[in-house]
Amino acid sequence: MLPKPRSSPTTIIRLVSFPRSILLVKKNFTSINDVTFSAMERANSLFGKATFVMDRGYDDNKMFLKLDSMGQDYVIRLTAKRKLLYHNKWTFATELRNRRKGKVKLPLFYKGKEHEAYLSHVKVQITASRKDIYLVLVYGITEHPMMLATNKPIRSKEDVIAVAKQYFSRWRIEEYFRCKNRCSSLKISG
């Protein structure tokens with residue numbers, strides 16, 4: 001039996017998206033949520049407390065509830081259709097995004113290019129649990145500013161920067177695997 005890895009507050013777990021078509025053709029259908037929840041529980045048993053960093057495909061109330069029930073931290077990129085409770089009113093995250101400007105400067109490398117991001121944040125509640133979370137807004141990287149939901153406490157600009165960096169570390173992992181796959185296919189065909 002392998003020793004249990006030590007947990008650390010900086011452990012970041014990236015979940016891989018599964019193509020829906022792969023799971024739908026099986027006779028004994030297993031939902032994507034079941035597969036994802038199983039992976040999350042396995043990661044929880046291996047690493048203990050961690051930060052789950054996920055893209056827009058995981059902006060689902062069931063994901064937020066599952067992570068809350070496991071006592072895990074998360075940084076999840078939100079979709080444009082996400083509503084948040086802000087000052088006792090349900091508001092689209094995009095509306096909150098459009099009302100603000102980033103004040104915290106962060107130079108970073110994203111999708112092969114150097115960028116200057118500007119960050120902002122606001123305390124909100126998510127529809128799933130009604131627990132306080134933070135909406136972290138990232139301006140200057142993509143056509144529309146990114147909206148990240150996190151349950152990590154934000155008390156300073158360093159905390160906002162840490163959340164953004166955790167999300168962007170996910171992209172570095174994506175780029176690594178993309179490059180690794182390209183390089184291995186070149187070796188096979190060459």
Side-chain angles (χ1 to χ4, degrees), residues 1-79 81-85 93 108 110 121 123-136 138 146-156 158-181 183-184:
M1 188 167 160
L2 295 172
K4 185 175 177 180
R6 292 184 189 179
S7 66
S8 86
T10 58
T11 302
I12 297 175
I13 298 173
R14 173 191 163 267
L15 293 179
V16 177
S17 298
F18 295 99
R20 292 186 187 273
S21 58
I22 290 174
L23 295 176
L24 293 176
V25 261
K26 287 186 173 182
K27 280 196 178 218
N28 298 327
F29 174 73
T30 303
S31 77
I32 290 176
N33 283 350
D34 289 342
V35 172
T36 302
F37 291 165
S38 176
M40 291 163 71
E41 289 164 359
R42 179 72 175 138
N44 187 39
S45 70
L46 289 171
F47 302 108
K49 183 76 169 175
T51 299
F52 286 76
V53 180
M54 302 180 205
D55 208 5
R56 289 174 285 205
Y58 294 100
D59 178 5
D60 181 336
N61 285 333
K62 292 175 192 146
M63 293 297 153
F64 291 102
L65 291 170
K66 181 66 174 180
L67 290 164
D68 283 340
S69 74
M70 291 172 28
Q72 295 293 345
D73 290 336
Y74 55 79
V75 176
I76 301 175
R77 187 170 176 187
L78 300 179
T79 61
K81 65 183 179 188
R82 168 58 66 186
K83 281 190 170 183
L84 301 166
L85 191 64
L108 58 83
Y110 175 68
H121 73 286
K123 188 184 272 191
V124 295
Q125 291 180 345
I126 200 90
T127 52
S129 64
R130 297 277 182 107
K131 290 183 178 180
D132 286 342
I133 65 165
Y134 288 94
L135 173 64
V136 174
V138 183
M146 291 182 184
M147 303 173 295
L148 309 175
T150 185
N151 61 346
K152 296 174 83 62
I154 295 181
R155 296 182 189 98
S156 66
E158 289 77 19
D159 293 339
V160 176
I161 289 170
V163 167
K165 282 184 175 181
Q166 286 177 337
Y167 179 76
F168 287 104
S169 71
R170 183 193 162 283
W171 276 103
R172 283 200 174 141
I173 294 166
E174 294 273 345
E175 288 173 354
Y176 166 77
F177 282 111
R178 195 174 298 121
C179 178
K180 184 177 177 186
N181 288 340
C183 292
S184 64

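Residue numbers count from 1 along this sequence. Hydrogens, waters and symmetry mates play no part in the numbers below; they use all other heavy atoms, side chains included.
S38 pairs by the side-chain contact (heavy atoms from CB on, under 4.5 Å) definition with nothing, not counting sequence neighbours.
The CG atom of L135 sits 7.5 Å away from the CE atom of M147 when rounded to the nearest 0.5 Å. The CE atom of M63 sits 13.0 Å away from atom CD1 of I126, with the distance rounded to the nearest 0.5 Å. To the nearest 0.5 Å, atom CD of residue Q125 and atom OG1 of residue T127 are 10.5 Å apart. Here the straight-line distance linking atom CG of D60 with atom NZ of K66 works out to 13.0 Å at 0.5 Å rounding. Atoms OG1 and CD, on T150 and Q166 in that order, are 7.0 Å from each other to the nearest 0.5 Å. Here N44 contributes atom CG and F52 contributes atom CZ; the two are 6.0 Å apart, rounded to the nearest 0.5 Å.
Of the residues listed (M146, R82, R77), the one engaging R56 in a side chain to side chain contact (heavy atoms under 4.5 Å, CB included) is R77, and it is the only one. Looking at V163, V75, L67 one by one, the single match for side chain to side chain contact (heavy atoms under 4.5 Å, CB included) with T51 turns out to be V75.
Counting heavy atoms from C-beta on, the side chains of V124 and I133 come closer than 4.5 Å. Between K62 and F37 there is a side-chain heavy-atom pair separated by less than 4.5 Å. Using a 4.5 Å heavy-atom cutoff, the side chains of D68 and Y74 are in contact. With a 4.5 Å cut-off on side-chain heavy atoms, Q72 and K49 count as touching. The shortest distance between side-chain heavy atoms of V138 and F168 falls below 4.5 Å.
K152 places no side-chain N or O within 3.5 Å of a backbone atom of Y134 that could act as its donor or acceptor partner. No donor-acceptor pair under 3.5 Å is formed between the side chain of E41 and the backbone N or O of T36.
Residues L78 and A93 share a closest heavy-atom pair of CD1-CB, 4.4 Å. Contact between F64 and D59 at its shortest, heavy atoms only, is CE1-OD1, 3.6 Å. In this structure, N151 and D73 approach most closely via the heavy-atom pair OD1-CA, 3.2 Å.
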